[in-house]
Amino acid sequence: MACAEEDRCSYEVCKETRDWLCARTALRPRTAIICGSGLGGLADALENKTVFEYEDIPHFPHSTVAGHRGRLVFGELRGHACVCMQGRFHGYEGHSASTVTFPIRVFFLLGVEILIVTNAAGGLNPHFQVGDVMFIRDHISLFGLAGLNPLRGPNDERFGARFPCMSDAYDQELLGLAQESAQELGFQSFTRQGVYCLLPGPCYETVAECQLLQALGADAVGMSTVPEVMVARHCGLRVLGLSLITNKVVLSYSSQEKANHEEVLHTSQLRAEGLQKLLTHLLGKLGEGTACP
Ligand code: HPA
């Protein structure tokens with residue numbers, strides 16, 4: 001069922017997708033997880049799975065990027081009801097901001113309370129190593145500062161308020177639990193905290209751009225996540241964000257390094273198991289249960 005890009009985020013369209021899903025699975029997820037580049041394996045670890053291909057779900061966009069499979073997976077991890085996106089949508093694929101964030105509003109209507117976003121990112125902080133996992137403390141949206149915001153346009157109060165607060169975008173309690181989980185698993189050597197900066201992509205950054213982002217106070221740079229977080233906060237979801245540092249950005253003209261998607265996928269594969277353990281442990285802490293729609 002085709003749907004015009006600008007209509008995709010209307011309450012009625014989101015509700016149609018919600019109703020279609022609810023008619024096909026009894027599971028009511030409490031947490032939604034967006035699996036970033038090469039990190040879709042987490043969804044395979046769910047128990048009692050129900051899997052939907054994006055192309056079969058009414059109004060759902062299609063994913064076009066290598067490393068993003070295009071499936072919505074419902075299931076449980078440690079008894080915690082989840083829905084995982086194996087493949088996300090990016091502005092650089094040509095999707096509008098309402099298409100990129102459409103699944104978040106569907107999750108909200110499904111009764112989801114927590115959004116966990118994962119992504120692959122380039123490390124700007126000189127202390128970060130390839131393979132580090134950065135818990136996102138805050139973000140800088142260069143899109144947003146330029147007026148490109150997924151919440152631009154008429155506001156539907158059924159989703160949230162006209163002027164949502166973003167100073168608390170990343171939930172302190174979830175961040176604390178994630179750090180506690182890292183400690184309990186002995187993962188402190190590769191877990192960090194920092195500020196994620198969104199750039200539109202699909203080009204990786206120039207040396208001068210990387211220097212600028214460092215000066216702005218960003219620790220990692222990527223091409224996703226922020227629009228979904230803004231829409232999630234608008235509709236009251238609590239957010240935890242994790243960036244896997246898949247490469248160090250190039251900060252010197254004499255460097256022989258060149259950012260590339262193969263390196264991003266390779267690092268994701270190396271750290272995927274650790275990240276999966278971390279999130280499974282964390283969900284265990286959040287306790288059993290499904291959402292109460
Ligand atoms: N820049 C932007 N996006 C990315 C990078 C990067 O270096 N690595 C993974 N995603």
Side-chain angles (χ1 to χ4, degrees), residues 33-42 63-69 85-95 97 100-101 116-146 148 150 190-230 241-272 274-276:
I33 304 172
I34 304 181
C35 304
S37 288
L39 299 172
L42 181 70
S63 176
T64 65
V65 187
H68 289 258
R69 273 164 72 182
M85 284 178 70
Q86 269 185 325
R88 64 143 55 83
F89 311 107
H90 309 82
Y92 65 73
E93 293 174 82
H95 296 306
V100 169
T101 55
I116 300 180
V117 269
T118 67
N119 62 47
L124 291 159
N125 184 320
H127 301 295
F128 287 2
Q129 305 298 329
V130 169
D132 282 353
V133 173
M134 181 186 88
F135 299 130
I136 304 179
R137 187 174 54 229
D138 203 350
H139 69 229
I140 297 173
S141 170
L142 293 181
F143 274 46
L145 296 180
L148 296 173
F190 66 85
T191 47
R192 314 268 173 256
Q193 256 195 49
V195 174
Y196 175 87
C197 183
L198 165 72
L199 287 191
C203 294
Y204 291 106
E205 301 69 39
T206 66
V207 171
E209 284 164 349
C210 291
Q211 290 171 350
L212 170 75
L213 299 182
Q214 262 194 343
L216 288 177
D219 296 294
V221 56
M223 306 175 193
S224 68
T225 299
V226 172
E228 295 101 309
V229 171
M230 286 174 165
L242 285 85
S243 291
L244 172 59
I245 307 301
T246 52
N247 57 290
K248 292 186 86 151
V249 302
V250 180
L251 281 156
S252 146
Y253 294 105
S254 57
S255 169
Q256 297 303 309
E257 301 283 327
K258 289 191 198 307
N260 63 85
H261 192 53
E262 288 67 40
E263 184 186 11
V264 169
L265 291 181
H266 179 69
T267 311
S268 302
Q269 276 151 20
L270 294 183
R271 191 54 93 200
L275 207 61
Q276 193 172 310

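Note that ligands are numbered from 1 as they come in the structure, with each ligand's atoms numbered from 1 the same way.
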* **side chain to side chain donor-acceptor pair (under 3.5 Å) involving Ser243 - partner list, sequence neighbours excluded** => Asn119
* Which atoms of ligand 1 are found less than 4.0 Å from any heavy atom of Met223? -> 2 (C), 3 (N)
* Structure fact -> Closest non-hydrogen atoms of Met230 and Pro150, given as atom of the first, atom of the second and distance, are SD-CD, 3.6 Å
* Ring centers of His139, Tyr196 separated by less than 6.0 Å -> no
* Using a strict cut-off of 4.0 Å, indicate which atoms of ligand 1 neighbour a heavy atom of Ala120. => 9 (C), 10 (N)
* Asked: Nearest heavy atom to atom 4 (C) of ligand 1: which of Leu199, Leu213, Val221, Val249 does it belong to?
  -> Val221
* **Residue of the set Ile33, Ile34, Leu242 for which side chain to side chain contact (heavy atoms under 4.5 Å, CB included) holds with Val117** => Ile34
* Asked: What pairs of residues pass the salt bridge (charged side-chain N to carboxylate O under 4.0 Å, His left out) test when at least one of them lies in residues 205-223, not counting sequence neighbours?
  -> none
* Could you list which atoms of ligand 1 come closer than 4.0 Å to a heavy atom of Gly222? => 2 (C), 3 (N)
* Short N or O distance, Asn247 and ligand 1, threshold 3.5 Å exclusive -> yes
* May I ask you to test the Gln193-Met134 pair for a side-chain heavy-atom distance under 4.5 Å? => no
* Should you measure from each heavy atom of Glu205, which atoms of ligand 1 turn up under 4.0 Å away? -> 1 (N), 2 (C), 6 (C), 7 (O)
* **Proximal atoms of ligand 1 relative to Thr246 (non-hydrogen, under 4.0 Å)** => 8 (N), 9 (C)
